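Right, one structure below, let's go through it.
The model shown is predicted, which means the values in this text are computed figures rather than measured ones. When reading the values below, keep in mind they use all heavy atoms of this one structure, side chains included, and skip hydrogens, waters and symmetry mates. Below, chains carry the letters A, B, ... as their sequence lines are ordered, and counting in each starts from 1.
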Number of protein chains: 2
Amino acid sequence: MHDNHEPGGPGPLGREPDNLQLVHLLRAVTVDFGLRQAEFAARNGMHPTDVRALICLLDADRAAEPATAGLLGARLGLNSAGTTAVIDRLERLGHVARIRDDQDRRRILLRVEPGAVRLGREFFGPLIDGVLRVLDSFDPSERDTVRRFLTSARAVFASEPRP
Amino acid sequence: MHDNHEPGGPGPLGREPDNLQLVHLLRAVTVDFGLRQAEFAARNGMHPTDVRALICLLDADRAAEPATAGLLGARLGLNSAGTTAVIDRLERLGHVARIRDDQDRRRILLRVEPGAVRLGREFFGPLIDGVLRVLDSFDPSERDTVRRFLTSARAVFASEPRP
DNA sequence: CGTAATATCTCGTTCAGCGAGATTATCGCC
DNA sequence: GGCGATAATCTCGCTGAACGAGATATTACG
């Protein structure tokens with residue numbers, strides 16, 4: 001599977017078929033994006049995990065899911081102790097607030113503070129604008145092609161996640 | 001910028017314009033991919049950084065760049081001590097070998113051992129195959145659209161990386 | 001009402017990554 | 001051809017992120 005038997009390519013492993021090169025390209029994008037996250041984290045006295053936590057909380061908000069501490073830990077792959085630590089750090093920086101759920105008083109709901117949102121927009125805004133400009137240069141059917149590809153790729157990655 | 005003034009959407013922040021939804025989709029893919037990396041790491045007694053290191057070394061190999069310890073540390077954003085630690089771990093697991101460069105005997109060249117490649121293929125092979133199947137269902141012009149999008153997006157993320 | 005299940009937190013430990021500095025090898029200069 | 005400057009990697013000691021185990025508080029079930 002994916003063997004490269006033809007010699008003479010750029011790397012010692014031989015030439016890559018065209019579609020596989022596209023897969024590498026997708027992976028390269030994810031790597032670059034991760035580096036930007038790490039940069040944002042370092043610049044604001046946070047750790048990559050904290051940034052991922054904020055993104056996760058904003059996603060939950062966008063999806064109208066209750067942003068509980070437990071959900072956060074599960075999404076980040078942390079145990080309960082680690083989850084508490086992340087929230088402690090974000091709370092200390094004033095980026096999230098702990099709110100007891102009145103329906104189920106065992107739960108802690110997390111609210112992302114406006115300052116954190118503003119911070120994120122300042123940093124990621126230009127990057128988002130850049131991608132939006134790219135998308136604006138595509139016509140609607142091309143955008144639909146991109147959407148189908150990303151959706152399908154995500155479905156591939158999301159399938160069968162082991163506990 | 002990117003404000004959502006229209007109420008009544010799914011999340012408390014309102015509805016997202018269509019293209020912005022595509023940006024979120026791209027980010028979601030990067031997040032899912034990162035989770036898979038972490039899963040691969042945990043399953044093989046490694047840390048996410050170690051996996052990223054292996055990927056980096058294979059990329060360097062593919063690009064016919066010399067895979068030195070220094071380059072690795074720079075790409076991963078680690079200092080020299082951390083870089084040594086990563087290589088120590090990978091060497092202890094038998095995934096890479098340290099090789100003194102005969103041209104410049106200060107340098108250490110890193111070779112990824114076949115066992116590590118095999119391990120990676122076992123885990124990521126099905127995922128790669130899945131994406132390849134998606135791409136096979138696209139016609140050449142659609143694949144070109146995807147390629148243009150990913151290349152442009154990467155250019156956006158790669159521009160102005162701060163030290 | 002008691003017992004089980006659920007959600008979060010506390011405590012102690014491990015080890016990844018950092019800063020500072022040591023070590024070894026190469027290069028440029030005269 | 002030796003000598004300081006530069007470069008690549010490694011060693012040491014330390015901080016703190018994340019883990020496992022278990023405590024605490026709240027709700028659901030019978």
Side-chain angles (χ1 to χ4, degrees), chain A residues 34-35 37-54 56-57 60 65-93 95-111 163, chain B residues 34-35 37-54 56-57 60 65-93 95-111 163:
Chain A
L35 286 175
Q37 265 183 215
E39 187 190 342
F40 174 71
R43 202 180 284 195
N44 293 95
M46 302 165 73
H47 298 264
T49 299
D50 304 342
V51 179
R52 269 179 286 145
L54 284 175
C56 175
L57 293 176
E65 292 173 321
T68 68
L71 180 75
L72 179 64
R75 293 267 168 95
L76 295 177
L78 296 177
N79 72 359
S80 65
T83 305
T84 298
V86 174
I87 299 171
D88 283 349
R89 268 175 273 153
L90 290 174
E91 194 179 40
R92 198 178 317 129
L93 289 170
H95 292 153
V96 307
R98 280 179 161 97
I99 300 169
R100 275 278 168 203
D101 186 350
D102 283 325
Q103 266 68 47
D104 183 342
R105 294 179 47 75
R106 293 170 300 182
R107 286 165 141 200
I108 294 281
L109 296 177
L110 300 167
R111 191 188 57 211
Chain B
L35 286 175
Q37 265 182 217
E39 188 190 342
F40 173 71
R43 201 179 284 193
N44 293 95
M46 302 166 72
H47 298 264
T49 299
D50 304 343
V51 180
R52 268 179 287 146
L54 285 175
C56 176
L57 292 176
E65 291 174 320
T68 68
L71 181 76
L72 179 65
R75 292 266 168 97
L76 297 176
L78 296 178
N79 72 0
S80 63
T83 305
T84 297
V86 174
I87 300 172
D88 283 348
R89 269 175 272 153
L90 290 175
E91 194 179 38
R92 199 178 315 130
L93 289 170
H95 291 153
V96 306
R98 280 179 160 96
I99 300 171
R100 274 277 169 204
D101 186 351
D102 282 325
Q103 265 67 47
D104 183 342
R105 294 179 46 74
R106 292 170 301 181
R107 287 164 140 201
I108 294 282
L109 296 177
L110 300 168
R111 190 189 57 212

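- Considering only heavy atoms from C-beta on, A/Leu90 comes within 4.5 Å of A/Met46 through its side chain.
- If you check every strand for non-hydrogen atoms under 4.0 Å, A/Thr68 touches sugar and phosphate atoms only.
- Among the heavy atoms of the strands lying under 4.0 Å from A/Gly77 are primed sugar atoms or P, OP1, OP2 only; no base atom is included.
- Across the protein-nucleic acid pair, B/Arg107 atom CZ and D/dC10 atom P stand 14 Å apart, rounded to whole Å.
- Annotation: side chain of A/Val96 is in contact with side chain of A/Leu54 (closest heavy-atom distance under 4.5 Å).
- B/Asp104 comes within contact range of the sugar-phosphate backbone alone, with a heavy-atom separation under 4.0 Å but no base atom that close.
- The interatomic distance linking B/Asp102 (CG) with C/dT24 (C1') rounds to 16 Å, in whole Å.
- The CD-P distance, from A/Glu91 to C/dT8, rounds to 14 Å in whole Å.
- At the phosphate of C/dG17, OP1 or OP2 sits under 4.0 Å from a side-chain N or O atom of B/Arg89.
- In the set C/dT10, D/dA18, D/dT9, D/dT9 carries the atom at the smallest distance from any side-chain atom of B/Ala69.
- Taking atom CD1 on B/Ile87 and atom P on D/dA8, their separation rounds to 14 Å, with Å as the unit.
- Side chains of B/Arg98 and B/Asp88 form a contact here, defined as non-hydrogen atoms less than 4.5 Å apart.
- Below the 3.5 angstrom threshold, one finds no donor paired with an acceptor across the side chain of B/Arg106 and the base of D/dT9.
- Along DNA chain C, the nucleotide closest to B/Thr83 and the one closest to B/Ser80 are compared, and the more 5′ of them pairs with B/Thr83.
- Across all non-hydrogen atoms, the minimal contact from B/Asn44 to B/Leu93 is O-CD1, 4.5 Å.
- Contacts of A/Ala81 with the nucleic acid, taken as non-hydrogen atoms under 4.0 Å apart, include base atoms.
- Here the C1' atom of nucleotide D/dA17 and the CZ atom of A/Arg52 are 12 Å apart, to the nearest Å.
- For C/dG17, the OP1/OP2 oxygens have a side-chain nitrogen or oxygen of B/Thr49 closer than 4.0 Å.
- For the pair A/Arg100 and A/Ile108, the minimum side-chain heavy-atom distance is below 4.5 Å.
- Per the geometry, CZ belonging to A/Arg105 stands 16 Å off C1' belonging to C/dC9, to the nearest Å.
- Note: CG (B/Leu78) to C1' (D/dA8) measures 16 Å, nearest angstrom.
- Backbone-only contact: A/Arg98 has heavy atoms under 4.0 Å from sugar-phosphate atoms and none from a base.
- Projected onto DNA chain D by closest heavy-atom contact, A/His47 and A/Asp101 fall at different nucleotides, the more 5' of which corresponds to A/His47.
- Atom C1' of nucleotide D/dG16 and atom CZ of A/Arg92 are separated by 11 Å, given to the nearest angstrom.
- Contact check, B/Asn79 against C/dG17: no side-chain N or O comes under 4.0 Å of OP1 or OP2.
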